[in-house]
Amino acid sequence: MLIDAAVLGPPQVWEASGHLGNFSDPLVDCTNCKNRFRLDKLDDPDTCPECGEKNSFTEAREFNLMFKTFIGPGGTQPGYIRPETAQGMFVNFQRLLRHYRDRLPFGAVQIGKSYRNEISPRQGVIRLREFSQAEAEIFINPRNKTHPRFIEVADLVMTLYSKEGQERGETEEMTVGEAVEKGIMAHETLAYYVARTYQFLIEAGLSYDRLRFRQHKDDEMAHYAVDCWDAEALLDRFGWIEIVGVADRTDYDLKSHMAQSQANLTVYLPFDEPRKQEKLVVKPDMKKLGPLFRKGAKAVADALCTLPLEDLKRDPIVVEVDGENVEIDPALVSFEMVDEEIRGEEIVPHVIEPSFGIDRILYSVLEHSYREEMVEGETRAVLALKNRVVPIQVAVLPLMDRVELIAPAEEIAQILRSLDLRVEYDSSGSIGRRYRRNDEVGTPYSVTVDYETLEEGTVTIRDRDSMSQIRVKKDEVAEKVTALLKGEMEFSEAGSPLQS
RNA sequence: GCGCCGAUAGUGUAGUGGUUAUCACUAUGCGUUGCCAACGCAUAAACUCGGGUUCGAAUCCCGGUCGGCGCACCA
């Protein structure tokens, strides 16, 4: 389920997420050598480790990566702009749980802008103060991390850069099934989402040989996490950069929100078989304890309930209340062992978190799709986007800008548009220029209307990647183009080759 | 956040206090053109933003924003 939660949040949310604590560092500058340090990392908070100067530090300044603002009039209630979208899923956990009818697993995704006051937001689109994320939280049963649809991805081969692989500096090609079997990936569910991420990135247009999954080493992974894999894309300017992270964050986030908000963020999981358990039930006689102990009665009763069986059998019964031993007449307490049926338990789900950096993915898709090639001594620029992601699906071009060609071309364009295709009609300049222009923006197919269209009712379709052309009946263009766009038909089989 | 450098049409650029702000490509229009950036003519299009100095600022000064490099920070 896709949700759209608040961008602005009160401090409690970011307290629970750890962003207020961990994203905030006290920084000090040495007035002598101008170096900057984190106060909490200094051995001696009064001495500069660089130049040895004493008491040369400026006042510690809190530097937090979150943008702070104030909610409401008066300026007294602080608020923070989200540094990640993920918290929205935790904050709305109870709603989601109810939506999914109290059963595991379930998940939610969110797409939106996040904001970090980066100290050094360089490298263009790679590090921004305002960026787009798509994050999911998949809540699962910690006792069972298998995945029912794992078999669908088990044979998928991916390039993995495991912890061990990084020691050796080697990546390995491996199926997802093998990675789980060998214990390289922690469990099926994590592996399943890594695999789905891989499929998504390939479908979006990343190049096989410039994409890998790198496992976090133990020292870079958050202490509570079980396993974490980053999809990394190889880029000319930046080298390997992280574009997606998939982590098993265990129950850390939910527990942290529970502690902060006192809300019950657990799921009741019934056992397969109800379990029988003997339980000691203690019933203090409050009618008599009340008058006897007055205000202390409640504390006495509570203390009695925690006593083990053998202590209850004494006469008198001795309980400790507020550090004092109190004697109780056994007649004032009854107790018995009962067989209790336990049908299930409250558990805090674990969470698998795939987190996508949309800006970085978009940049990677563009770079991996772009190529230049020499054609008859000229450079041809091609944006070989996947059909799924092209902005223009088909261009309709009259061979020349003449009325007798324009009319049928416009008619074809209209038919294609009526099928909800994204169509570009262009009659300007030479046909060659128009082909190249469409190559540059990634248009996969160009339909050209020429004089044979008038004579024989056929048009040509040109393929962006191969520049080859086929001739098809005018009446079949819509059907053929649609099939080609869906990948249901090979280009060479869609029509007869053009003799030029 | 510090230091150094930079920012001129869509792109790449010329321009050292007074220019109608240069040139090419691109784009648009017309003509031409029988399938891969052809050609001709015309047109459109810019001084990063805010202050200041000056009779006059793209040009000099200060500040902001954005970008590059180094340091620091982050992951």
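Small disclaimer: the values here were computed from a predicted structure and weren't measured. Here is how names work: the chains are called A, B, and so on, in the same order as the sequence lines, proteins then strands, and each is numbered from 1.
Under 4.0 angstrom from either OP1 or OP2 of B:C35 there lies no side-chain N or O belonging to A:Arg434. Considering only side-chain N and O atoms, A:Thr448 lies nowhere under 4.0 angstrom from the phosphate OP1 or OP2 of B:C35.
Partner assigned to B:U19 is none, using Watson-Crick or G-U wobble distances below 3.5 angstrom. Under the Watson-Crick or G-U wobble criterion, with both distances below 3.5 Å, B:G63 is paired with B:C49.
A heavy atom closer than 4.0 Å to some atom of RNA chain B occurs in A:Thr460, A:Arg462, these being the qualifying members of residues 453-463 of chain A.
B:G10 and B:A44 are spaced 15 Å apart, taking the P atom of each and rounding to whole Å. A gap of 12 Å separates the P atoms of B:G52 and B:A57, to the nearest Å. The separation of B:U48 from B:C55, taken at their C1' atoms, amounts to 27 Å, rounded to a whole angstrom. When the P atom is compared between B:C4 and B:C74, the two are found 24 Å apart, to the nearest whole Å. Remark: the separation of the P atoms in B:G70 and B:C60 is 27 Å, to the nearest Å. Comparing the P positions of B:C39 and B:C25 gives an interatomic distance of 9 Å, to the nearest angstrom. Nucleotides B:G18 and B:G64, compared at atom P, are 28 Å apart to the nearest Å. When the P atom is used for both B:U54 and B:A27, the distance is 47 Å, rounded to whole Å.
Using a 4.5 Å cut-off on side-chain heavy atoms (C-beta onward), A:Lys68 and A:Pro78 make contact.
Within the 4.0 angstrom heavy-atom criterion, base atoms lie near A:Leu399.
On a pure distance criterion of 3.5 Å, no polar donor-acceptor pair joins the side chain of A:Arg116 and the base of B:C74. Counting distance only, with no hydrogens placed and no angle test, the side-chain atoms of A:Glu376 and the base atoms of B:A37 include no donor-acceptor pair under 3.5 Å.
For A:Glu181, the CD atom counts as loosely surrounded, since its 6.0 Å shell holds 12 or fewer non-hydrogen atoms of other residues, nucleotides or ligands.
Rounded to an integer number of Å, the gap from A:Ile431 CD1 to B:C39 P is 17 Å. Across the protein-nucleic acid pair, A:Asp219 atom CG and B:A75 atom C1' stand 12 Å apart, rounded to whole Å.
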Please enumerate all protein N or O atoms sitting under 3.5 Å from an N or O of nucleotides 25-27 of chain B, with distances to 0.1 Å.
| residue | atom | partner | partner atom | Å |
| --- | --- | --- | --- | --- |
| B:U26 | OP1 | A:Arg433 | NH1 | 3.4 |
| B:U26 | OP1 | A:Arg433 | NH2 | 2.9 |
| B:A27 | OP1 | A:Arg437 | NH1 | 2.3 |
| B:A27 | OP2 | A:Arg433 | NH1 | 2.6 |

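Ranked by how close their nearest RNA chain B nucleotide is to the 5' end, A:His216 and A:Ala381 are led by A:Ala381. Along RNA chain B, the nucleotide nearest to A:Glu220 and the one nearest to A:Asp439 differ in position, and the one closer to the 5' end is contacted by A:Asp439.
Between B:A37, B:G29, B:C35, one nucleotide has an atom nearer to the side chain of A:Glu440 than all others, and that is B:A37. Listed candidates were B:C35, B:G29, B:U33. Nearest to the side chain of A:Ser428 is B:G29.
For A:Tyr252 and A:Phe90, the distance between ring centers is not under 6.0 angstrom. Taking the six-membered ring for Trp and the full ring otherwise, the centers of A:Phe106 and A:Phe139 sit less than 6.0 Å from each other.
A donor and an acceptor atom, one from each side chain of A:Gln87 and A:His19, are nowhere located under 3.5 Å apart. A:Tyr435 and A:Thr448 share a side-chain donor-acceptor pair at under 3.5 Å. A:Gln215 and A:Asp227 share a side-chain donor-acceptor pair at under 3.5 Å.
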Report all side-chain donor-acceptor pairs from residues 126-133 of chain A shorter than 3.5 Å, counting only partners two or more places apart or in another chain.
| residue | atom | partner | partner atom | Å |
| --- | --- | --- | --- | --- |
| A:Arg129 | NE | A:Asn117 | OD1 | 3.3 |
| A:Arg129 | NE | A:Glu118 | O | 3.1 |
| A:Arg129 | NH2 | A:Glu118 | O | 2.8 |
| A:Glu130 | OE2 | A:Lys113 | NZ | 2.9 |
| A:Gln133 | OE1 | A:Thr85 | N | 3.0 |
| A:Gln133 | OE1 | A:Ser114 | OG | 2.7 |

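Under the 3.5 Å distance criterion, the side-chain polar atoms of A:Asp450 are matched with a main-chain donor or acceptor of A:Thr453.
Contact check on A:Glu424 versus A:Arg437 returns no salt bridge, with no Lys/Arg side-chain nitrogen under 4.0 Å from an Asp/Glu carboxylate oxygen.
A:Trp229 does not carry A:Arg214 over the face of its six-membered ring by the limits of under 6.0 Å from the centre and within 45° of the normal.
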